[in-house]
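Okay, so here's the structure we're looking at.
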Amino acid sequence: IVLDGEVMVAKKKCRWTVDGREQVLGVNYDEVFASVVRMETVKIQIAAGAHYDLDLELDDFEAAYLNALMQHQVLCEQPPGYETVPDDAPPGAKPKDYVCRLVKAIYGTKQGACEWNKTLNKACIDFGFRRSVCDPGLYIFDKLGQPGFVLMSVSTDDLASASTKGSRTMTEFRRYLNIDKGWVCNHLGELKLLLGVRVTRDRSARTVKMDQTDAIEGMQKKFMKQLANARRYDTPASTESVNLNREMGPQTEEGKKAFLPQKKLYASLLMTTMYLMLCTRADVAQAVSKLCRFMANPGERHMDASIRLVSYLIHSKTKGLVFDGAMPLKLKASVDADWAEDRDQSRSTTGYFVQYGGCLLTAKSFLQKTLALSSVQAEYQAAAAVGREIEYLVMLLNEIGLPCELPVAVNEDNNGAIALAEHPIQHSKNKHIRLRYHYIRVLIGDGVIKLVWVSTEEQEADMLTKPLSKDKFMKHLHVYCRD
């Protein structure tokens, strides 16, 4: 557990699990989906906590799945060391002749998470929470500014709450869970660790920082041997990495077989960095996105690039997101595209980020699904992507009751794309663009977003589309993470 920021062993425990791989769909399970709060929602929750001086707290369930009943008949072997026979068993009966029928949803079953999520959802609704339509992992109690206001995010058995200072809503909810429902819900106090992300708050300065220093240090220990000779880097990717392609991987069966141990290491490195990117380290989004394209058949050049990426993270491990409560709560976005950047398919790369309250909510870097015939088309398709993201965030903020000024300014450095989005011009050159990308015109017409031209030198989303030189990278780094 984590107590006062220190990781310590509170107790040792043993858990009985089952092998759900032998379950059959439609026979002993149907649904498996269980909603988990989105990271953007957690960041909005923390931004609101910093701005309105809300209490940020964490609660945890013990043996959460055991609070849910199984809706299907699931049979399993008796747990080792606890084999027995029923009291009414005939003489000579042996334990191996009997199996267990699961009454509770235990860990390992296909539907365990789903049944627990349904059970918890019903408890929250019965208490008085309303479930968010935009993010089913978020629950809202009362309205912003009211004494009982609470934003509660659910991630399996963790409850992170942001409530009005001095509010008794969460206290009453804990009593309801522990006494009325008979569950074991532990109040862990102030929010300091959530989903592997460390949360540090300075209430007097109205700031909250999210970082993954501990996770990066764990990654450093895990890959200590591979990083032994790695030098220190100031950027996650070399400008030369733009030339990486699939032909740099082994081309013969013998070569692929010989490189198999390195291939597994490559995948492990990238999977570790991917979660860091999604939570607090969007500065490596372009590098991770680029290297993931070669996961099926990486080569030495790809491996070297992944080592550089991890080395950069280790030497900048203290960086993270800093939410400043003094900043106004408003959305801001930037979008960019690198036309035909991919050396294998000539597809373009989309890069965008969205901020709220001056801090990053989400950042994406990915290959476009369709081939753009011009830089204007590439930028236009990228603008459509960030438009959809902004529309979702606007709906979520309105549902919560947080301020959201419209239209949201979106920085774009291509005048042609701006003109195409605002007016249906140059039909002969753009009639091939798929209908889904023209949704950007609807968002502009409805006053949801507004494209604002900025120069390429001031385009902060540039580092999401291609590797930059050290000077350019450092110029925009403060947008993505800070110490």
Side-chain angles (χ1 to χ4, degrees), residues 35-52 54 130-140 143-144 149 151-155 160 162 194-195 197 208 210 277-282 285 321-325 327-337 350-366 381-412 421 436-437 439-452 460-461 464 479-481:
S35 60
V36 177
V37 67
R38 296 178 60 86
M39 187 52 65
E40 302 97 294
T41 304
V42 173
K43 294 174 184 177
I44 289 175
Q45 191 179 15
I46 292 178
H51 188 82
Y52 293 105
L54 305 177
R130 58 185 174 90
R131 195 177 197 178
S132 168
V133 176
C134 297
D135 187 347
L138 176 69
Y139 292 84
I140 308 165
K143 295 182 179 179
L144 180 65
F149 175 73
L151 284 178
M152 184 177 70
S153 57
V154 176
S155 179
L194 179 65
L195 303 175
V197 179
V208 181
M210 297 174 65
M277 172 198 74
L278 292 173
C279 295
T280 63
R281 297 302 303 270
L321 302 178
V322 180
F323 297 85
D324 188 346
M327 296 289 289
L329 293 181
K330 61 185 295 185
L331 289 171
K332 174 192 171 184
S334 287
V335 61
D336 195 19
T350 290
Y352 69 78
F353 70 81
V354 183
Q355 290 180 315
Y356 188 61
C359 193
L360 203 71
L361 282 187
T362 181
K364 299 287 177 62
S365 176
F366 57 90
Q381 293 178 170
V386 74
R388 294 193 299 272
E389 186 77 36
I390 290 172
E391 185 178 33
Y392 163 74
L393 293 172
V394 168
M395 290 190 295
L396 178 59
L397 291 171
N398 288 336
E399 186 179 27
I400 295 172
L402 291 172
C404 181
E405 182 180 328
L406 298 180
V408 177
V410 179
N411 292 336
E412 166 62 65
R436 66 193 305 263
Y437 299 115
Y439 187 61
I440 185 71
R441 294 175 178 172
V442 176
L443 296 177
I444 292 175
D446 291 344
V448 177
I449 68 172
K450 178 182 179 181
L451 295 180
V452 179
E460 295 169 332
L464 294 173
V479 175
Y480 299 87
C481 58

Restricting to non-hydrogen atoms, name the atom on [X] and the atom on [Y] that form the minimum distance, rounded to 0.1 Å.
{"X": "Ala285", "Y": "Leu464", "result": "CB-CD2, 3.8 Å"}
{"X": "Cys481", "Y": "Arg281", "result": "SG-NE, 4.0 Å"}
{"X": "Ala50", "Y": "Val208", "result": "CB-CG2, 3.9 Å"}
{"X": "Gly137", "Y": "Val37", "result": "O-CB, 3.7 Å"}
{"X": "Val335", "Y": "Ala383", "result": "CG2-N, 3.9 Å"}
{"X": "Arg131", "Y": "Pro136", "result": "NE-O, 2.8 Å"}

[Y] and [X], any side-chain heavy atoms less than 4.5 Å apart:
{"X": "Tyr352", "Y": "Ile390", "answer": "no"}
{"X": "Tyr392", "Y": "Asp135", "answer": "yes"}
{"X": "Leu138", "Y": "Leu396", "answer": "yes"}
{"X": "Leu151", "Y": "Ile140", "answer": "yes"}
{"X": "Cys404", "Y": "Leu406", "answer": "yes"}
{"X": "Val36", "Y": "Val154", "answer": "no"}
{"X": "Gln381", "Y": "Arg436", "answer": "no"}
{"X": "Leu393", "Y": "Val354", "answer": "yes"}

Can you list the residues that meet the side-chain hydrogen bond (donor to acceptor under 3.5 Å, both in side chains) rule with [X], with sequence neighbours excluded?
{"X": "Gln45", "value": "Ser153"}
{"X": "Arg130", "value": "none"}
{"X": "Tyr480", "value": "none"}
{"X": "Thr280", "value": "Gln212"}

In residues 445-452, what donor-acceptor pairs under 3.5 Å come from side-chain atoms, sequence neighbours left out?
none

Check: How long is the span from the NE2 atom in His51 to the CD1 atom in Ile46, to the nearest 0.5 Å?
Finding: 16.0 Å
Notebook entry, point to check: From Ser132 OG over to Met395 CE, what is the distance, rounded to the nearest 0.5 angstrom?
Noted result: 10.0 Å
Next item on the list: Applying salt bridge (Lys or Arg N to Asp or Glu O under 4.0 Å), name anything that partners Arg38, two or more places apart in sequence or on another chain.
Entry: Glu40
Checklist line | Under the side chain to side chain contact (heavy atoms under 4.5 Å, CB included) test, residues paired with Met39 that sit two or more places apart | finding: Val42, Lys43, Leu195, Met210, Tyr275, Cys279
Checklist line | Residue pairs, two or more places apart or on separate chains, that pass salt bridge (charged side-chain N to carboxylate O under 4.0 Å, His left out) and touch residues 391-408 | finding: none
Check: Does the side chain to side chain contact (heavy atoms under 4.5 Å, CB included) test come out yes or no for Ile400 and Leu144, once each step is laid out?
Finding: CA-CA 8 Å; Ile400 295 172; Leu144 180 65; over 6 Å; no
Can you give the donor-acceptor pairs under 3.5 Å from side chains of residues 355-362 to other protein atoms, not counting sequence neighbours?
residue	atom	partner	partner atom	Å
Tyr356	OH	Pro403	O	2.7

